[in-house]
A.B. asks: 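Attaching a single structure in structure tokens format; questions to follow.
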Amino acid sequence: MTNNTLVKKLIDDGYLKSQSVIEAFSHIDRADFVLPEDKENAYADMPLSIGHGQTISQPLTVAFMLELLTPKKGDRVLDVGAGSGWQTALLAHICGVDSSEKSNNAPFVAAIERIPELAKMAEQNISKYGFMENCSVMVVNGDGARGFPEMAPFDCIICAASAPEIMTAWKEQLKIGGRIVAPLENSIVLLEKTGADSFERKEFFGFSFVPLVSEMV
Ligand code: SAH
């Protein structure tokens with residue numbers, strides 16, 4: 001199996017649809033984000049252990065969530081639960097522009113991870129694509145349930161760990177017109193911010209996630 005086999009399967013199964021997400025999945029090789037002993041399982045459509053009781057997400061779930069999020073070039077994104085850094089790198093590929101086009105040094109994707117060893121691992125993995133070096137990505141060790149006010153407001157907020165509710169901080173730190181895609185127990189919720197305090201909500205059932213660990217939930 002190759003990364004292309006995985007991409008083709010996700011397209012054939014209807015999970016990958018848009019050009020920019022397909023290109024990101026093709027360019028960012030999942031094998032660069034799994035543990036060395038799992039290299040040969042990297043292209044199987046399943047979550048894999050990354051240590052510390054956490055997993056790199058299942059490819060179909062990441063594809064489904066990114067298609068709901070609809071990130072665009074130049075968007076500012078908050079990625080809660082960086083884990084291996086795979087989804088962060090996919091987002092940086094979709095949203096990043098050439099450094100020559102950038103007007104300032106602010107990163108496009110802020111990724112927050114609560115486990116320090118995983119935050120470091122994410123940074124190392126993301127570095128394989130130059131996204132740390134060209135300042136497209138910032139990895140922060142901390143509690144993503146608080147969002148990341150230092151870089152708000154965001155066009156997109158995505159979370160890889162399941163909470164009992166969508167965090168208020170995320171709603172506040174989202175631009176009007178922006179989107180949150182996050183797991184809520186065993187479903188995935190899409191919130192679109194339609195006004196200062198109004199949201200349109202859709203829910204998709206039948207997924208499973210590791211829990212969001214925070215004093216705030
Ligand atoms: N997208 C990642 C998913 C990792 S699993 C990948 O594919 O590799 C979810 C991650 O969320 C775990 O690494 C876990 O440690 C992290 N997490 C859980 N609660 C968190 C919190 N409150 N703040 C930041 N990260 C959190």
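Ligands are counted one by one from 1 in listed order, and the atoms in each one are counted from 1 as well. Values reported hereafter were calculated over all heavy atoms of this structure, with side chains retained and with hydrogens, waters and symmetry mates removed. This is a predicted model, so every value here is computed, not measured.
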A.B. asks: Tell me: protein heavy atom nearest atom 6 (C) of ligand 1, and distance?
C.D. replies: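 Result: Ser84 OG, 3.5 Å.
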A.B. asks: Looking at Asp143, which atoms of ligand 1 are within less than 4.0 Å of one of its heavy atoms?
C.D. replies: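 Near Asp143, meaning under 4.0 Å from one of its heavy atoms, ligand 1 has 21 (C), 22 (N), 23 (N).
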A.B. asks: Nearest protein heavy atom to atom 20 (C) of ligand 1, by residue and atom, and its distance?
C.D. replies: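 For atom 20 (C) of ligand 1, the nearest protein heavy atom comes out as Arg114 CD, 3.5 Å.
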A.B. asks: Between Glu133 and Ser127, is there a side-chain donor-acceptor contact under 3.5 Å, judged purely by atom types and distance?
C.D. replies: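 Ser127 vs Glu133: donor-acceptor pair found between side chains.
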A.B. asks: Within the structure, is a non-hydrogen atom of Pro211 found at a distance of less than 4.0 Å from ligand 1?
C.D. replies: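 Per 4.0 Å heavy-atom rule, Pro211 contacts ligand 1.
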A.B. asks: Check whether any side-chain heavy atom of Phe154 lies under 4.5 Å from a side-chain heavy atom of Phe148, and answer yes or no.
C.D. replies: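 With C-beta onward as the side chain, the pair touches.
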A.B. asks: Using atom types as modelled and distance alone, determine if a side-chain donor or acceptor of Trp86 lies under 3.5 Å from a backbone N or O of Ile126.
C.D. replies: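 Absent.
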A.B. asks: Should Gln87 be counted as touching ligand 1, given the test is an N or O pair under 3.5 Å?
C.D. replies: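 Between Gln87 and ligand 1, no N or O pair is found under 3.5 Å apart.
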A.B. asks: Hey, does Val109 have a side-chain heavy atom less than 4.5 Å from the side chain of Ser136?
C.D. replies: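 No. Closest side-chain heavy atoms not under 4.5 Å.
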A.B. asks: Which heavy atom of the protein is the closest neighbour of atom 23 (N) of ligand 1, given with residue, atom name and distance?
C.D. replies: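 Scanning the protein heavy atoms, the shortest distance from atom 23 (N) of ligand 1 goes to Gly144 N, 2.8 Å.
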A.B. asks: Ring-plane angle category for Tyr129 and Phe33, please: parallel below 30°, perpendicular beyond 60°, tilted otherwise.
C.D. replies: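 Because their plane-to-plane angle is under 30°, the rings of Tyr129 and Phe33 count as parallel.
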A.B. asks: Pairs of nitrogen or oxygen atoms closer than 3.5 Å, one from Leu212 and one from ligand 1: do any exist?
C.D. replies: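 Checking ligand 1 against Leu212, no N or O pair falls under 3.5 Å apart.
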A.B. asks: Considering only non-hydrogen protein atoms, determine which one is nearest to atom 14 (C) of ligand 1 and report residue, atom name and distance to 0.1 Å.
C.D. replies: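 Looking only at protein heavy atoms, the one closest to atom 14 (C) of ligand 1 is Gln54 OE1, 3.4 Å.
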A.B. asks: Just which atoms of ligand 1 are under 4.0 Å from any heavy atom in Gly81?
C.D. replies: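 Contacts of ligand 1 toward Gly81, numbered from 1: 1 (N), 2 (C), 3 (C), 4 (C), 10 (C), 11 (O), 16 (C), 25 (N).
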A.B. asks: Using a 4.0 Å cut-off to any heavy atom of Gly142, which atoms of ligand 1 qualify?
C.D. replies: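 This gives 23 (N), 24 (C) as the contact atoms.
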A.B. asks: For Tyr43, run the side-chain hydrogen bond (donor to acceptor under 3.5 Å, both in side chains) check against Asp29, Thr5, Asn4 and tell me which one passes.
C.D. replies: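 Only match with Tyr43 under side-chain hydrogen bond (donor to acceptor under 3.5 Å, both in side chains): Asp29.
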A.B. asks: Counting only heavy atoms, which portion of Ala122 has something under 4.0 Å from ligand 1: side chain, backbone, both, or neither?
C.D. replies: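 Neither part.
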A.B. asks: Which ligand 1 atoms are under 4.0 Å away from a heavy-atom of Gly83?
C.D. replies: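 Those qualifying, in numeric order: 4 (C), 8 (O), 13 (O).
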A.B. asks: Can you check whether Phe205's main-chain N or O pairs, donor with acceptor, with Ser187's side chain at less than 3.5 Å?
C.D. replies: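 Pair absent, no side-chain N/O of Ser187 close to backbone of Phe205.
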A.B. asks: Once rounded to the nearest 0.5 Å, what's the spacing between atom CG of Asp75 and atom SG of Cys156?
C.D. replies: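 Going from the CG atom of Asp75 to the SG atom of Cys156 covers 4.5 Å.
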A.B. asks: For Leu118, counting its heavy atoms only, list the atoms of ligand 1 lying under 4.0 Å from any of them.
C.D. replies: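 Answer, ordered by atom number: 13 (O).
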A.B. asks: Starting from atom 9 (C) of ligand 1, what is the nearest protein heavy atom, named by residue and atom, and what distance separates them?
C.D. replies: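 Minimum-distance protein heavy atom for atom 9 (C) of ligand 1 reads Val210 CG2, 3.5 Å.
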A.B. asks: Among protein heavy atoms, which sits nearest to atom 7 (O) of ligand 1, and what does the distance come to when rounded to 0.1 Å?
C.D. replies: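 Here the nearest protein heavy atom works out to Ser57 N, 3.0 Å.
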A.B. asks: Starting from atom 15 (O) of ligand 1, which protein heavy atom do you reach first, and at what distance in Å?
C.D. replies: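 Result: Glu113 OE2, 2.6 Å.
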A.B. asks: Does a side chain donor of either Ser84 or Asn125 reach within less than 3.5 Å of an acceptor in the other side chain?
C.D. replies: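 Not at all, the side chains of Ser84 and Asn125 share no donor-acceptor pair under 3.5 Å.
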A.B. asks: Is the closest side-chain heavy-atom distance between Lys171 and Lys193 below 4.5 Å?
C.D. replies: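 No - every pair of side-chain heavy atoms lies 4.5 Å or more apart.
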A.B. asks: Whether the side chain of Asp155 engages the backbone of Gly178 through a donor-acceptor N/O pair (distance < 3.5 Å, no angle test) should be reported.
C.D. replies: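 No, the answer is negative, given that no donor and acceptor are paired below the 3.5 Å cut-off.
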A.B. asks: Give me the residue, atom name and distance of the protein heavy atom closest to atom 4 (C) of ligand 1.
C.D. replies: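 Nearest neighbour among protein heavy atoms for atom 4 (C) of ligand 1, to 0.1 Å: Thr55 O, 3.1 Å.
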A.B. asks: In terms of atom number and element, which parts of ligand 1 are under 4.0 angstrom from non-hydrogen atoms of Ile115?
C.D. replies: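 Every atom of ligand 1 under 4.0 Å from some heavy atom of Ile115: 15 (O).
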